[in-house]
Structures are given as structure tokens and as C-alpha cells.
Amino acid sequence: MLIQRYFNQIKDAVARYSATRFVIATKLDYDLRAGAQGLITGIIRFVDGSVLHFKEYIDAVNQKVGKLSYSYHYQDADNRLIFRYDNAAHRPSLSFAEHKHLHDQIIAASAPKLEDVLSEIFVLNRWIQ
């Protein structure tokens, strides 16, 4: 089943990064939905107190997994936003659906893979795996 294979890819990516001392805790939930859809939610805590909260609502059609909605919210130990990727609608609306929130701006950004987000976090923190 394609959704289960995708769930396993997420588990493997998290496990690879969790093998470092930079990750101190992970919590992942997988929910298989009707119609070849699924929801993945997770929290990854890092040794510096920063946290990644993420969710992906996915749909597997035509042998391909697509993200219907997603959010990868990375914050520091004081709960301040470092960055967030998402495709949530905004008011006033943005001229692009997929975007990235930074401290003081929102920019167009394609939907990343979770592994890309984890890699970005490791680079930001200058962590060598």
C-alpha cells in the first residue's frame, strides 16, 4: 500500500536524524484515512530546546503521494518562530499557495520533504551528523 510505504519513509527519515545527539525526543502519529488518504503529525525536540511541529495530510492517487495540506513549524526554546513552511490560506491572500514564514516576511516556497526540513534545521544549527 502506497500510504504505508510513505509512512515508513517518514519513520526512516526521523530515525536517521534521531540517531544523532542533537535530537532528544520524537513523537509521531500516523492515521490512515479512507480513500487512500493519511495524516502524519509529529513533534521533534532538539538538544538546544528548539522544536519542530509538523503535519502532512496526504493523498495517494495514481501511484503518487500528494500533500493536500502541510505545516512544518520550527521554533526556538522560547517558542519564537524560526521558520514555518505551509500551504494554508491567508487573509489577505498571498499570490502563492505554498510558502515559508520567516521572522518578518512570507516568501514563496515549494512544499519540502520532511527530510529536507530536518536537514535545514541541522544546517542552521551547524550540527554535523
Side-chain angles (χ1 to χ4, degrees):
M1 176 183 275
L2 189 58
I3 293 278
Q4 193 60 50
R5 194 172 330 139
Y6 186 78
F7 285 173
N8 289 337
Q9 289 172 353
I10 296 292
K11 287 177 191 175
D12 291 346
V14 170
R16 279 192 304 279
Y17 282 90
S18 294
T20 71
R21 292 184 316 233
F22 187 57
V23 174
I24 59 170
T26 61
K27 180 180 184 311
L28 302 171
D29 291 306
Y30 303 90
D31 184 12
L32 191 57
R33 304 278 176 97
Q37 294 182 340
L39 177 66
I40 304 166
T41 59
I43 300 171
I44 301 175
R45 297 187 183 281
F46 302 95
V47 71
D48 66 351
S50 63
V51 181
L52 173 67
H53 298 269
F54 70 92
K55 69 174 177 115
E56 295 182 4
Y57 187 54
I58 57 174
D59 187 26
V61 292
N62 300 326
Q63 297 301 312
K64 195 172 186 178
V65 173
K67 294 179 187 176
L68 300 175
S69 66
Y70 63 89
S71 175
Y72 307 94
H73 179 94
Y74 182 53
Q75 62 191 39
D76 67 17
D78 295 321
N79 298 322
R80 291 182 302 234
L81 174 71
I82 298 172
F83 66 75
R84 180 176 65 248
Y85 291 92
D86 68 59
N87 63 347
H90 280 255
R91 300 219 193 289
S93 63
L94 301 171
S95 61
F96 39 83
E98 297 179 334
H99 54 275
K100 181 179 182 180
H101 296 254
L102 299 168
H103 300 286
D104 57 354
Q105 63 181 326
I106 302 173
I107 60 173
S110 298
K113 295 178 183 175
L114 176 61
E115 189 154 3
D116 295 335
V117 173
L118 290 169
S119 177
E120 183 175 351
I121 291 167
F122 273 59
V123 168
L124 278 174
N125 289 283
R126 298 185 180 108
W127 187 264
I128 306 298
Q129 293 189 52

>> Strictly below 4.0 Å, N to O, side chains only: are Glu120 and Lys100 in salt-bridge contact?
In response: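 Counted as a salt bridge, because a side-chain N and a carboxylate O are separated by less than 4.0 Å.
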Could you pull out the closest heavy-atom pair between [X] and [Y], with the gap in Å?
{"X": "Asp76", "Y": "Ile82", "value": "N-CD1, 3.6 Å"}
{"X": "Tyr85", "Y": "Ser110", "value": "CD2-O, 4.3 Å"}
{"X": "Val47", "Y": "Arg21", "value": "CB-O, 3.8 Å"}
{"X": "Ala111", "Y": "Lys67", "value": "CB-CD, 4.5 Å"}
{"X": "Asn79", "Y": "Gln75", "value": "OD1-NE2, 2.8 Å"}

>> Consider side-chain hydrogen bond (donor to acceptor under 3.5 Å, both in side chains). Of His73, Lys55, His99, which one does Asp86 pass it with?
In response: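 Exactly one pass, corresponding to His99.
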> Linking I/L/V/M/F/W/Y whenever their side-chain heavy atoms sit closer than 4.5 Å, directly or via other members, would Phe54 and Ile24 fall into one cluster?
Replying inline: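 Shared cluster, yes.
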If I take atom [atom1] from residue [X] and atom [atom2] from residue [Y], how far apart are they, to the nearest 0.5 angstrom?
{"X": "Lys64", "Y": "Ile58", "atom1": "NZ", "atom2": "CD1", "result": "14.0 Å"}
{"X": "Ile40", "Y": "Phe7", "atom1": "CD1", "atom2": "CZ", "result": "5.0 Å"}
{"X": "Leu114", "Y": "Glu56", "atom1": "CG", "atom2": "CD", "result": "6.5 Å"}
{"X": "Leu39", "Y": "Leu32", "atom1": "CG", "atom2": "CG", "result": "10.5 Å"}
{"X": "Phe46", "Y": "Ile121", "atom1": "CZ", "atom2": "CD1", "result": "4.0 Å"}

Mind checking whether [X] and [Y] have side chains closer than 4.5 Å, heavy atoms only?
{"X": "Glu115", "Y": "Arg16", "answer": "yes"}
{"X": "Tyr30", "Y": "Ile3", "answer": "no"}
{"X": "Leu118", "Y": "Leu52", "answer": "yes"}
{"X": "Tyr17", "Y": "Thr26", "answer": "no"}
{"X": "Val65", "Y": "Asp59", "answer": "no"}

> In the hydrophobic cluster built from side-chain contacts under 4.5 Å, what are the other members alongside Ile43?
Replying inline: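 Its cluster partners, ordered by chain and number, are Val51.
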> Do any pairs count as a side-chain hydrogen bond (donor to acceptor under 3.5 Å, both in side chains) and have a residue in residues 34-50, sequence neighbours left out, and if so which ones?
Replying inline: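 Applying side-chain hydrogen bond (donor to acceptor under 3.5 Å, both in side chains) to every pair that reaches into residues 34-50, excluding sequence neighbours, yields Gln37-Tyr57, Asp48-Ser50, Ser50-Tyr74.
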> Hey, what's the ring geometry for Tyr70 with Tyr72, parallel, tilted or perpendicular (30° and 60° as the breaks)?
Replying inline: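 Rings of Tyr70 and Tyr72: tilted, as their planes differ by 30° to 60°.
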>> Please determine whether side-chain contact (heavy atoms from CB on, under 4.5 Å) holds for the pair Asn87 and Phe96, giving the CA-CA distance in whole Å, both sets of side-chain angles, and the decisive distance to 0.1 Å.
In response: CA-CA 9 Å; Asn87 63 347; Phe96 39 83; over 6 Å; no
>> Can you list everything that forms a side-chain hydrogen bond (donor to acceptor under 3.5 Å, both in side chains) with Asp29? Sequence neighbours excluded, please.
In response: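 Asp29 satisfies side-chain hydrogen bond (donor to acceptor under 3.5 Å, both in side chains) with Lys27 once adjacent residues are dropped.
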> Yes or no on side-chain contact (heavy atoms from CB on, under 4.5 Å) for Arg84 and Ser71, after CA distance, side-chain angles and deciding distance?
Replying inline: CA-CA 7 Å; Arg84 180 176 65 248; Ser71 175; 3.6 Å; yes
